[in-house]
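The structure under discussion appears below in the form of C-alpha cells.
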Amino acid sequence: MSAPAITPVFVRLKLSLLRNGLRQSGGRKAAYITSAVFALLFAALQLIGLIALRGHAHAESVVVLAVAVLGLGWAVMPLFFPSGDETLDPTRLVMLPLRPRPLVRALLTASLVGIGPLFTLCLLVGSVVAVARGGAAFAVGAVAVVLALLVCVALARAVAAANVRLLTSRKGRDLAVLSGLVIAIGAQIVNFGAQRLGASGLGELDPAAEVLQWVPPASAIGAVHAVSEGSYGPAVAQLALSAGALVALLALWSRHLTRLMTSPDGSTLPSAESAAKERSSTGLARLLPAGRTGTVMDRSLRYVWRDPKTKAAWVTSLAIGLIVPVFNAWQGTGSVYFACFAAGMLGIQMYNQFGQDTSAFWMVAMTISSAHDAYVELRARAYALLLITLPYATLVTVLTTAMLGDWRRLPEALGLSFALLGAMLATGAWTSARFPYSIPQEGYKNVAPGQTGLAWISIFGGMMAAALLCAPVIALTIWLNVSADGDDWTWLLLPAGTAYGAVLTAAGLKLAAPRTARRLPEILAAVSKG
C-alpha cells in the first residue's frame, strides 16, 4: 500500500498557519492586510512599468538586473527575517516519519503560497513581456517564469535549512536585528545608483547585465531575450543554467533536511576548549583603568559586542555615519562638514544609557549610593563610548577630506565634530537620568509600549539641545570663514572645538550625576518595564 501524498497536507497546513496567525489579534490582521495591499499594489505598478519598457533599447538590462536583485533578496530573506514564515523551520518536523524527497516537494509547493511568491511572479511575468518578441520567445518565457520562481523559492529554503540552527539561536537573533543595517546601506546604494542613472541613462546597466544574464535566476530571463534575438544556442545554455541551479539547490536542501532530521543540535553549545579560552582571556580589560571606571567600561564594551539590540544600534550608526559623508563626497556634492554626521550618529549611543541595561540595571543601582558613584558610572560609560567614537570620527573626517581634496578645512571639521560629540555626551547623560525608557530584548521594537513619548523627548530633545550647545563653535566657524583674515586662524577651531567639547562633557556629567543618584528607583522602574 503506497503512502498518501503529503503535498496537499502541507499546502493546507500553510494556509492554516496564515489563517490562525491572523486570528491572534486585530492589530496583526490589520498589519498583514495593509502590507499585502501595498505589496500587491507595488507589484501591479511594477508589472505595468515593466510592460511599458517593451521595445526600449535597454529593457533587457533593466529586467535582468531586477531579477538578479530579486534572487538576492530571496537568498537573504531567511537570514534577516527568520520569524516571517513559521514553515521555514524544518526542525518542527523532526519527529514525523517523513522522507527528505517527498518533504522537499511538499515544502516547495507550500512555499509558493503567500504574498512573496505572488510578488515575484508579477515581476517575472512583466520581465518576460518586456523582452519577449515572437511566439517562440513567449513559449520560452513561460518556462523561464516557472524556473526562475522555483529557483528563488528553493534558494530561500536551502539557505534557511543550512542555517536553521543559527537562526533559532541567540546569534541568529543578533543577525536578524542587524537587518536594519542592511536596509540602511541598501537605501544609500539605491539612492546613489538612481542618481548615476539619472545623469548617465540606462546604458550604465549594460555591462552588469552582460554578466548577470548568465547567473540564475536572471539567466532564465536572459534566455527569453536570446530567443527574441534569434540566438537559440545561448538561450538553451541559459535555461540549462537555471535548471541546473534548481536541481543543485533542491539536492542541497534535501541534504540539509536529512542532516537536521538525523543529527542532534549541538550548534549552540560551546566546546570545552572555547569556553576555557573565553574564561582565561582578559582581552581589552587589561588595558582599561583599575577600579570602578575600568569595570564599567569593560561592561559597556561587552554590551556593544554581545547584546543584540546594542550591537545593532552601534553597527548601524557606524555604517550610516560613514556612508552619508563618503557617498556625498564620492558624488562630488559633499562637504567636509558632512563628516560631523559620524560624530552625531555615535553620540546618540549616549542617550538612554540605563535603558540598555534593561532589568539588569538593578545590579548597577545597588552600587550607587551617592552622587559621586553616579558620576563615576556615567563618566566610565562616556569613556567607553569615546574609545570608539574619537578615532572613528577622526577617520571619517580625514577620509571625507581626502576624497574632496579640501585639506584646509580639516581642522575646523574635526573641531566641529569633537564639539558636537561633547555636546551629545553631555545631553545624553542628562536625558538618561531624566527620561529613561525600556528597550525590549525580543522582537524588533526599540521602545517598550507606552514609552514612545519618553524616547522622542530623550533623543530628539537631547539632539536639539546639543545643537544649541554647539552654537558658539558654529558661530566661530562661520565668522572665521567670512572674515578677511579668518583663513589664517581656522586651525584654532580644532583645539577650541576639542576643549569646548571636553568642557561640555564634564559639565553634563556633573549635572546628571546628582539627578541619577536621586532618581534610581524611578529609573529602575522605567528601564525594567519591557
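Note that the coordinates shown come from a computational prediction; the quantities given were computed from them, not determined experimentally.
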**OP:** Side-chain contact test, heavy atoms from C-beta onward, threshold under 4.5 Å: evaluate it for W74 versus P117 and give yes or no.
**Re:** yes
Subject >> From CG (L318) to OG1 (T389), nearest 0.5 Å >> reply: 8.0 Å
Original post:
Is there side-chain contact between V396 and F338, with at least one heavy-atom pair below 4.5 Å?
Top reply: no
**OP:** Hey, could you give me the CG/CG distance between L346 and L420, rounded to the nearest 0.5 Å?
**Re:** 10.5 Å
**OP:** Measure the shortest side-chain to side-chain distance between I388 and L301 over non-hydrogen atoms and say whether it is less than 4.5 angstrom.
**Re:** yes
**OP:** Locate the shortest heavy-atom distance separating Q213 from Q238; write the atom from each residue and the value.
**Re:** O-NE2, 3.2 Å
Original post:
Which heavy atom of A455 sits nearest a heavy atom of Y437, and at what distance?
Top reply: CA-CE2, 3.5 Å
**OP:** Would you indicate whether W456, at its atom CH2, is surrounded by more than 12 heavy atoms from other residues, nucleotides or ligands within a distance under 6.0 Å?
**Re:** no
Subject >> Backbone of A209 reached by a side-chain donor or acceptor of E60 within 3.5 Å >> reply: no
**OP:** Step by step, work out the side-chain contact (heavy atoms from CB on, under 4.5 Å) result for V64 and V131.
**Re:** CA-CA 10 Å; V64 165; V131 298; over 6 Å; no
**OP:** Any chance you could lay out the side-chain contact (heavy atoms from CB on, under 4.5 Å) test for V153 and T120, step after step, and finish with the verdict?
**Re:** CA-CA 10 Å; V153 176; T120 303; over 6 Å; no
Original post:
So, does Y351 use its side chain to make a donor-acceptor pair with the main chain of G462 at under 3.5 Å?
Top reply: yes
Original post:
Of all heavy-atom pairs between A154 and L246, which one has the smallest distance, and what is that distance?
Top reply: CB-CD1, 4.0 Å
Original post:
When you look at L150 and L249, which way does the side-chain contact (heavy atoms from CB on, under 4.5 Å) test go after all the steps?
Top reply: CA-CA 10 Å; L150 292 178; L249 288 170; over 6 Å; no
**OP:** Supply the atom-to-atom distance F460 CZ to I348 CD1, rounded to the nearest 0.5 angstrom.
**Re:** 7.5 Å
Original post:
Closest heavy-atom contact between S242 and V151?
Top reply: O-CG2, 3.6 Å
Original post:
Can you tell if the side chain of R409 reaches within under 4.5 Å of the side chain of T401, non-hydrogen atoms only?
Top reply: no
Subject >> Gap separating the CG atom of L421 from the CG atom of L390, nearest 0.5 angstrom >> reply: 6.0 Å
Original post:
Between L395 and L322, is any pair of side-chain heavy atoms under 4.5 Å apart?
Top reply: no
Original post:
Is any side-chain heavy atom of M463 closer than 4.5 Å to a side-chain heavy atom of I459?
Top reply: yes
Original post:
Are side-chain heavy atoms of V326 and M403 found at a separation under 4.5 Å?
Top reply: yes
Subject >> Nearest non-hydrogen partners of L212 and A68, listed with the distance >> reply: CD1-CB, 3.9 Å
Original post:
Which heavy atom in L241 sits nearest to a heavy atom in P216, and how many Å separate them?
Top reply: O-CG, 3.6 Å
**OP:** Walk me through it: do F10 and R105 pass the test side-chain contact (heavy atoms from CB on, under 4.5 Å)?
**Re:** CA-CA 10 Å; F10 273 76; R105 288 196 299 268; over 6 Å; no
Subject >> Test item: V129 and L50 side chains (from C-beta on) under 4.5 Å apart, heavy atoms >> reply: no
**OP:** Supply the atom-to-atom distance S127 OG to H225 NE2, rounded to the nearest 0.5 angstrom.
**Re:** 12.5 Å
**OP:** Scan for ring pair (Phe, Tyr, Trp, His ring centres under 6.0 Å) pairs involving residues 385-406, sequence neighbours excluded, and state none if there are none.
**Re:** none
Subject >> From OG1 (T394) to CZ (F418), nearest 0.5 Å >> reply: 3.5 Å
Original post:
Do any N or O atoms from the side chain of S111 and from the backbone of L107 form a donor-acceptor pair under 3.5 angstrom?
Top reply: yes
